J.: 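Sharing a structure, written as structure tokens. Questions coming.
This structure is a prediction, so every number in the text was calculated from the model and none was measured. When a ligand or atom number is given, it counts from 1 through the structure's own listing order.
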Amino acid sequence: MAQVPLKKKKRRAPSPPAEPPAPGRFPAVVLCLVEKRMGASRRAFLTALARAKGFRVDGAYSAAVTHLVSERNSGDEVARWLAQQRGERGPGGDPDPGPALLDLSWFTESMSAGQPVAIEPRHRLRVTGPAAQHGWHVAPYACQRRTPLAHSNQALTEALETLAEEAGFSGSEGRSLAFTRAASVLKALPRRLGALEELGPLPGLGEHSRRVIQDVLEDGVSAEVQRVKLSERYRTMKLFTKIFGVGVRTADRWYQEGLRTLAELQERRTKLTRQQQAGLRHYDDLNTPVGRGEAETISRAVQEAVWRFLPGAAVTLAGGFRRGKLHGHDVDLLITHPEDGREAGLLSLLVSWLDSQGVILYQHSQENSYEGPEPPRGEGVLDQFERCFCIFCLAAPGGPAAGRGWKAVRVDLVVAPISQFPFALLGWTGSRHFERELRRFAKHERKMVLNSHALYDTRRSLFLPAASEEEIFQHLGLEYVPPTERNA
Ligand code: 8DG
Ligand code: CA
Ligand code: CA
């Protein structure tokens with residue numbers, strides 16, 4: 001379809017001023033407007049409008065730009081223009097994800113909202129050019145991708161995840177992460193992979209992972225993975241680390257001491273913590289997947305118990321179930337109250353009451369040790385919320401433990417003040433890899449520190465508050481990823 005020609009300008013319109021960019025009210029958002037088809041005078045007008053609203057708008061493209069806005073251009077045209085600006089070597093040649101390519105609709109909606117609105121698929125320009133022909137376009141960070149629960153490359157991801165697990169058992173965190181990253185990329189592919197070549201220069205796929213993929217594609221299995229799965233070491237490490245309270249270091253020590261079975265562990269009277277004793281006692285139950293229905297039953301029971309002490313408090317089912325999983329290894333429950341501070345002290349009342357009702361088979365609690373608001377020291381997974389690691393006794397009349405009518409289930413109870421709740425919810429929804437990637441993205445691409453309590457902008461030395469998960473994604477200049485698409 002022919003474009004409606006623009007009216008010829010009589011005078012040359014002024015270019016947007018080239019002064020050094022002002023930081024703007026929204027530090028994660030740097031705009032650049034494409035002049036082509038928009039015209040210089042309209043571009044100058046829109047630039048002035050956005051700046052007046054506190055947006056940073058750069059006159060020229062640079063690596064700092066996060067949102068590239070154009071009017072009446074196709075996605076391919078803008079992608080070509082961008083490639084010229086970046087002096088790019090071809091699809092995938094640059095690991096930098098580059099800016100979001102947006103239609104003017106995103107800009108106008110943001111101007112009327114007075115702040116950057118979350119990028120929705122309808123705002124994005126569709127790029128069908130070279131990137132699409134040279135294999136799939138997969139953004140480099142898992143938090144920039146949508147990863148649904150069901151995907152088409154199960155055999156490949158299982159193989160890679162076995163190697164990731166094995167590397168973790170050997171203490172090779174870097175190698176483990178490399179396999180996890182590769183598996184995560186495959187989970188985001190829209191179709192089943194037929195040949196290695198289809199992958200093109202995808203991010204996060206190293207030599208070793210490619211070799212494993214090649215083997216599985218050709219032979220249906222990877223000999224290396226088969227070897228690992230059959231090895232005594234892998235099997236023993238897996239057996240021991242499935243005990244609640246046993247990490248890689250303890251399992252490895254037991255292995256070095258010659259222990260191979262749970263029976264040996266008990267016979268030799270190995271010194272166990274109270275947590276490990278409970279883990280061993282309920283080993284079979286705790287390694288039987290928890291169903292969504294069971295998780296919801298527990299969530300409702302906790303909600304009712306919470307209301308006895310703090311009416312108005314809310315219990316949210318997080319973890320894998322929030323991502324749409326039908327089964328999980330435990331139940332993650334977040335508790336908050338609409339008034340900041342009212343939640344303090346709730347957990348011990350709750351746990352004592354549940355205990356008195358015979359619901360709790362084991363628990364250990366951790367007090368709130370959050371000292372903020374101070375610049376966070378790190379973005380580690382562990383947070384400082386008041387919380388309780390429990391084993392619940394769940395009535396299970398017809399379930400796998402039908403004979404005795406109950407079943408042991410692992411439950412994590414976490415209490416967050418409402419001001420930190422969106423961060424806690426984001427942090428406790430997972431997946432673990434998605435969380436790791438969010439924090440890595442924040443640090444390297446935005447110079448921000450993200451954890452389950454807060455988001456801190458190190459360039460401006462300030463905290464960025466958020467009333468919802470969506471706002472956290474906005475602060476980070478990321479397209480919102482709903483929980484069901486965070487199965488990275
Ligand atoms: P599953 O139980 O269905 O097997 O999987 P999951 O629900 O995804 O895994 P999980 O091990 O229960 O962890 C859920 C999320 O909770 C995950 O993103 C990591 C997060 N998480 C912990 N412990 C801690 C912690 O101490 N602090 C923070 N911020 N997050 C934690 O598991
Ligand atoms: Ca869980
Ligand atoms: Ca958990």
J.: With only distance considered, is Glu435 within less than 3.5 Å of ligand 1 through an N or O on each side?
T.: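 No; the residue has no nitrogen or oxygen that sits under 3.5 Å from a nitrogen or oxygen of the ligand.
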
J.: Closer than 4.0 Å to some heavy atom of Ser452 - which atoms of ligand 1 meet that?
T.: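 Matching atoms, with element in brackets: 28 (C), 29 (N).
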
J.: Looking only at N, O or S atoms in Asp330, which is nearest to the Ca ion (ligand 2)?
T.: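 Result for Asp330 and the Ca ion (ligand 2): OD1.
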
J.: For Gly320, take its heavy atoms, then give the atoms of ligand 1 lying under 4.0 Å from any of them.
T.: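 Close to Gly320: 6 (P), 7 (O), 8 (O).
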
J.: List every atom of ligand 1 that sits less than 4.0 Å from any heavy atom of Arg323, numbering the atoms from 1 in the order shown and giving each element.
T.: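 Taking each heavy atom of Arg323 in turn, ligand 1 has 8 (O) under 4.0 Å.
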
J.: Strictly under 6.0 Å, is that where the ring centroids of Phe179 and His208 end up?
T.: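 Phe179 vs His208: aromatic centres under 6.0 Å.
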
J.: Counting N and O atoms only, with roles assigned by atom type, does the side chain of Arg404 sit under 3.5 Å from a partner on the main chain of Trp406, one being a donor and the other an acceptor?
T.: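 Between the backbone of Trp406 and the side chain of Arg404 there is a qualifying donor-acceptor contact (under 3.5 Å).
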
J.: Hey, which atoms in ligand 1 end up nearer than 4.0 Å to a heavy atom of Lys325?
T.: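 What qualifies from ligand 1 is 1 (P), 3 (O), 4 (O), 5 (O).
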
J.: Indicate, as side chain, backbone, both or neither, the part of His433 found under 4.0 angstrom from ligand 1 when only non-hydrogen atoms are considered.
T.: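 Within the 4.0 Å criterion, His433 makes no contact with ligand 1.
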
J.: Is it true that the NZ or CZ of Arg446 lies under 6.0 Å from the centre of Phe441's six-membered ring and within 45 degrees of the ring axis?
T.: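 Because its charged atom misses either the 6.0 Å distance or the 45° angle limit, Arg446 does not stack over Phe441.
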
J.: Judged by modelled atom types alone, do Glu343 and His337 share a side-chain donor-acceptor pair under 3.5 Å?
T.: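 There is no such pair between these side chains.
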
J.: Report the distance from atom CD of Gln115 to atom CZ of Phe55, rounding to the nearest 0.5 Å.
T.: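 The CZ atom of Phe55 is 7.5 Å from CD of Gln115, to the nearest 0.5 Å.
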
J.: Can an N or O of Asp412 be found at a distance shorter than 3.5 Å from an N or O of ligand 1?
T.: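 No; every N/O pair is 3.5 Å or more apart.
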
J.: Nearest to atom 32 (O) of ligand 1 by heavy atom, Arg432, Gln384, Arg486: which?
T.: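 Of the listed residues, Arg432 has the closest heavy atom.
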
J.: Considering residues, nucleotides and ligands other than Glu257, do more than 12 of their heavy atoms fall under 6.0 Å from its CD?
T.: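 Yes, CD of Glu257 has more than 12 neighbouring heavy atoms, counting only those of other groups under 6.0 Å.
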
J.: I'd like to check whether Thr429 has a polar contact with ligand 1, where a contact means an N/O of the residue lying under 3.5 Å from an N/O of the ligand.
T.: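 Checking ligand 1 against Thr429, no N or O pair falls under 3.5 Å apart.
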
J.: Taking just the N, O or S atoms of Asp332, which one is nearest to the Ca ion (ligand 3)?
T.: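 Asp332's closest N, O or S atom to the Ca ion (ligand 3) is named OD1.
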
J.: If the cut-off is 4.0 Å to any non-hydrogen atom of Gly319, which atoms of ligand 1 fall inside it?
T.: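 Matching atoms, with element in brackets: 7 (O).
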
J.: Just distances here: any N/O of Gly328 and N/O of ligand 1 closer than 3.5 Å?
T.: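 N/O-N/O distance below 3.5 Å does not exist for this pair.
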
J.: Which atom pair, heavy atoms only, marks the closest approach of Leu464 to Pro27?
T.: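 For Leu464 versus Pro27, the nearest heavy atoms are CD2-CG, 4.4 Å.
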
J.: Who gets closest to atom 24 (C) of ligand 1 by heavy atom: Phe434, Trp428, Phe385?
T.: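 The residue whose heavy atom sits nearest atom 24 (C) of ligand 1 is Trp428.
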
J.: Report yes or no: does Thr241 contribute a side-chain atom to a donor-acceptor pair with the main-chain N or O of Met237 at less than 3.5 Å?
T.: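 Yes, the answer is positive, given that a donor and an acceptor are paired below the 3.5 Å cut-off.
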
J.: Using distance alone, with no hydrogens and no angle criterion, decide if Glu445 and Tyr141 have a side-chain donor and acceptor under 3.5 Å apart.
T.: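 Checked: Glu445/Tyr141 side chains pair up, N/O donor to acceptor below 3.5 Å.
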
J.: I'd like to check which ligand 1 atoms, numbered from 1 as shown, lie under 4.0 Å from a non-hydrogen atom of Gly430.
T.: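 Checking each atom against Gly430, I get 18 (O).
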
J.: Looking only at N, O or S atoms in Asp412, which is nearest to the Ca ion (ligand 3)?
T.: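 Sorting the N, O and S atoms of Asp412 by distance to the Ca ion (ligand 3) puts OD2 first.
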
J.: Using a 4.5 Å cut-off on heavy atoms from C-beta on, say whether the side chain of Glu479 contacts that of Pro121.
T.: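 Contact flag for Pro121/Glu479 side chains = yes.
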
